[in-house]
2 protein chains.
Amino acid sequence: MESHSRQVTLDEVAARAGVSRSAASRVLNDAPHVSKAKREAVRRAIAELGYVPNATARALASRQSGSVVLAVSAEDPAVFADQFVAEVVVGILSVLEETDLELTLVTATSSRGQQRLEKLLRSRTTAGVMLMSMHGDEPIARLAEDAELPVVFGGQPLTFEPRYYVDADNRGGARLATEHLIGIGRTRIATITGRMDEAAGTARYKGFQETLAVAGLDPRRVVHGDFSEDGGQRAMTELLARHPETDAVFVASDQMAIGALGALTAAGRSVPSDVAVVGFNDIPMARHTTPPLTTISQPIRSLGREMARMLHAVLNGEHPSPLILPTRLVFRDSAAGPSCR
Amino acid sequence: MESHSRQVTLDEVAARAGVSRSAASRVLNDAPHVSKAKREAVRRAIAELGYVPNATARALASRQSGSVVLAVSAEDPAVFADQFVAEVVVGILSVLEETDLELTLVTATSSRGQQRLEKLLRSRTTAGVMLMSMHGDEPIARLAEDAELPVVFGGQPLTFEPRYYVDADNRGGARLATEHLIGIGRTRIATITGRMDEAAGTARYKGFQETLAVAGLDPRRVVHGDFSEDGGQRAMTELLARHPETDAVFVASDQMAIGALGALTAAGRSVPSDVAVVGFNDIPMARHTTPPLTTISQPIRSLGREMARMLHAVLNGEHPSPLILPTRLVFRDSAAGPSCR
DNA sequence: TTGAAAGCGCTAACAA
DNA sequence: TTGTTAGCGCTTTCAA
């Protein structure tokens, strides 16, 4: 883990410019109290010597850090290949690119990951943390608090409302989806929920229930899934067994919806004429299923962007309010209206 | 960018344990020359005080760094949502998880990104670099060399052979694909290439050409694409116009192949009976196209893993050899044999 | 085996 | 507006 190259120091810059190190340091951080002439001289020296400050020394002396971490609570680094997470990362990076913050990626839940994260947070290398996809009660949140680092949540944890978070309007999205199914004339509407130990799962379920209640429809056709494709398939099979009269289903994630489409096909039900399907997330594959999937789109990349912006604001001493991002219905064939029957 | 929490220092640990700071430091780095008794005392003190070493101070004093960066040469952080890149990240993380190295993500090509990367590399915060998806001549490679940091390439740059790299056997994969098309009896075989300013693009094209040459078939049905879905669609349309007799096509990426399938359908050609299609990469969506896409699978996650392993080895003073990872044919309906006609 | 002392390269009081 | 002086918390000689 060695580094070799000859480092140009601030002292050398100062010497070259014929000023004190403090003066050079002031110029570097464009602090006041430096004459125009010296400022210029230092700038020139920096350019000539190709000086780049040693970030480590700087961090040590100033007790500040130029990097933030994104911690995703998952067993396996494979989460970062998840379309959803990947898009969040993209959003975050696109904002950080405009700042001087670097992004470090960690998984928070694996046996070793937990320890590593704690070490990372307490080793004073990090200015702040973004936390994602929390199921249930999260020790990680406490971890960050212990380290007294600013934390921004992506999605809300189930057990408490954090000070800073960005979330999608899951409940509203579920309402949109369910209203759409009602709107195209379905009356025996079911749902396959996500994990009920995640806020996104419960919120979408609530949105579903309340919409049916308002419409005076029976909200009891419910099977619980786990957000996975396989889980969706199993859940759909179970749903057909328990409620064969079902003519529409709101599935709490596209991944599950894909599994559900498979189960429907296997059961000889055609989509959407026998059973209309609406998913949630609008993952890229949703356009390519058979039939293409009607779904609720959430602005995932914006979620990442807003998380990064919020953290940045907190690091600058501001106190931003939590943010709920809107969702919208993306209309495709899997829940087309009567005209398409 | 402030941090607040009270830091426990090594001095406090030493005091608590009743030893000198040097002794405590030795225990921390399990260096020799510490009596068993003291070692134990220090260990206890560390546990009791919940001491976590300040990584920044450590890095400054030891001139070592515990983080490596993955730089992807792209204009836009959106590359990190690319399935391919995301899988590489996963592979890298899965290896780094076992070490004490953290991963920092950067895009290398955006106007600002280039500067940021240079700063990052020269600011002595980083132990080493992994570089990905280089088109043509890469200033970034020079950058890292200037900083005298170990660099591992993922994929080979076009203009020079780096000391350390991991690549997939693109040429061999293209050969597999083309041989398969010949094997199912096609004779008027075309290709849609990738970007010819990327090594992967040229290598796959070469594999295609040489296989047709060996088989005595005409290798001149060629349209150049750009690895994108839209590009694939355009290329296929052009191919059909210029070589309407084409009965098979090797498409240098699945993304392009998806576009090509669209163009074929639009042109009323059925796949595979009129035109057989083989892609490259085996992205998740390949299983879900109509018809499902025969393709060349490369061990993307392994690519990431091996990059991380290689960098780790270099950081430990070893000199690993470049690595070429094998590819294999994944057989699906888009290039089924005659029996399926 | 031990500890004292001297930095790592920078920032931040403080005094001038 | 300047420069001097202490550190930041750790590692690493060096002499004991």
Side-chain angles (χ1 to χ4, degrees), chain A residues 1-42 45-46 49-66 100 119 122-127, chain B residues 1-42 45-46 49-66 100 119 122-127:
Chain A
M1 324 258 165
E2 264 178 298
S3 311
H4 319 79
S5 108
R6 168 101 192 82
Q7 156 125 24
V8 179
T9 70
L10 192 51
D11 285 296
E12 291 169 38
V13 169
R16 172 86 167 227
V19 303
S20 72
R21 183 172 68 240
S22 348
S25 171
R26 283 180 193 122
V27 173
L28 205 59
N29 303 292
D30 21 50
H33 308 306
V34 186
S35 68
K36 220 163 172 98
K38 298 215 167 185
R39 200 172 282 274
E40 256 321 299
V42 171
I46 288 178
L49 268 47
Y51 169 74
V52 174
N54 180 319
T56 305
R58 206 171 207 180
L60 182 59
S62 66
R63 294 130 175 287
Q64 300 192 344
S65 156
D100 279 313
K119 223 172 179 176
R122 302 198 48 201
S123 71
R124 342 249 58 243
T125 336
T126 291
Chain B
M1 325 257 164
E2 262 178 300
S3 313
H4 319 79
S5 108
R6 168 103 192 79
Q7 157 124 23
V8 179
T9 70
L10 191 51
D11 286 296
E12 291 169 37
V13 170
R16 173 88 168 224
V19 304
S20 71
R21 184 173 66 238
S22 342
S25 171
R26 283 181 191 119
V27 174
L28 205 59
N29 304 292
D30 20 51
H33 308 307
V34 185
S35 68
K36 220 163 171 96
K38 298 213 167 184
R39 199 172 283 274
E40 256 321 300
V42 172
I46 288 179
L49 268 46
Y51 169 74
V52 174
N54 180 318
T56 305
R58 206 169 207 181
L60 181 59
S62 66
R63 295 127 177 288
Q64 299 191 346
S65 156
D100 281 311
K119 222 173 181 174
R122 301 199 50 201
S123 71
R124 341 249 59 244
T125 335
T126 292

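The basis for the numbers below is simple: all heavy atoms, side chains too, and nothing from hydrogens, waters or symmetry mates.
Taking atom CD of A:E12 as the reference point, atom P of C:dC10 lies 9 Å away to the nearest angstrom. Remark: P of C:dA12 and NE2 of A:H33 are 13 Å apart, rounded to the nearest angstrom. One interatomic measurement links the two molecules: CD of B:Q64 to C1' of C:dG9, which rounds to 17 Å at whole-angstrom precision. We find that CG of A:D30 is positioned 16 Å from C1' of C:dA12, with the value rounded to whole Å. Spacing between atom CZ of B:R124 and atom P of C:dG9 amounts to 9 Å, rounded to whole angstrom units. A straight line from CG of B:L60 to C1' of D:dT12 spans 13 Å, rounded to a whole angstrom. Between B:L10 atom CG and D:dC10 atom P the separation is 5 Å, expressed in whole Å.
No more than 12 heavy atoms of other residues, nucleotides or ligands sit less than 6.0 Å from atom CG of A:D100.
Comparing B:N29 and A:S35 against DNA chain D, the residue whose closest nucleotide sits nearer the 5' end is A:S35.
For the OP1/OP2 pair of C:dG3 and a distance below 4.0 Å, the side-chain nitrogens and oxygens of B:K38 include at least one atom meeting the criterion. OP1 and OP2 of C:dT11 both lie 4.0 Å or more from every side-chain N or O belonging to A:S62. At least one side-chain nitrogen or oxygen of A:S25 sits closer than 4.0 Å to the OP1 or OP2 atom of C:dT11.
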Take A:R58 and A:L10 through the side chain to side chain contact (heavy atoms under 4.5 Å, CB included) test and state the conclusion after the steps.
CA-CA 11 Å; A:R58 206 171 207 180; A:L10 192 51; over 6 Å; no
Show the numbers, then the answer: is there a side chain to side chain contact (heavy atoms under 4.5 Å, CB included) between A:R63 and B:N54?
CA-CA 11 Å; A:R63 294 130 175 287; B:N54 180 318; over 6 Å; no
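Heavy atoms only, all atoms of each residue included: B:Q7 and B:E12 are closest at O-OE2, 3.9 Å. A:A14 approaches A:A24 most closely through the heavy-atom pair CB-CB, 4.1 Å. Here the closest non-hydrogen pair linking B:V19 and B:V42 is CG2-CG2, 3.7 Å.
Among residues two or more places apart in sequence or in another chain, the side chain to side chain contact (heavy atoms under 4.5 Å, CB included) test is passed with B:V34 by B:R26, B:V27, B:K38, B:R39.
Between C:dC10, D:dG9, D:dT11, one nucleotide has an atom nearer to the side chain of B:R58 than all others, and that is D:dT11. The side chain of B:R26 lies closest to C:dG3 when the candidates are C:dC10, C:dG3, C:dT11. Here D:dG3 is the nucleotide among D:dG3, D:dT11, C:dC10 with the atom lying nearest to any side-chain atom of A:A23.
Judged by atom type and distance alone, B:R63 does not reach the base of C:dG9 through any side-chain donor-acceptor pair under 3.5 Å.
In this structure, A:S65 contributes its side chain and A:T125 its backbone to a donor-acceptor pair below 3.5 Å. Judged by distance alone, with hydrogens and angles left aside, the side-chain atoms of B:S25 form no donor-acceptor pair with the main-chain N or O of B:R21 at under 3.5 Å.
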N/O-N/O pairs, protein side and nucleotides 5-7 of chain C side, under 3.5 Å:
residue	atom	partner	partner atom	Å
C:dA6	N6	B:R21	NH2	3.4

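Looking at heavy-atom distances under 4.0 Å, B:P32 makes no contact with the nucleic acid at all.
Where the helix from C:dT1-D:dA16 to C:dA16-D:dT1 starts and where it ends, the local axes point in directions that differ by 40°; five pairs per end, rounded to 10°.
No side-chain heavy atom of A:R16 sits less than 4.5 Å from a side-chain heavy atom of A:V13.
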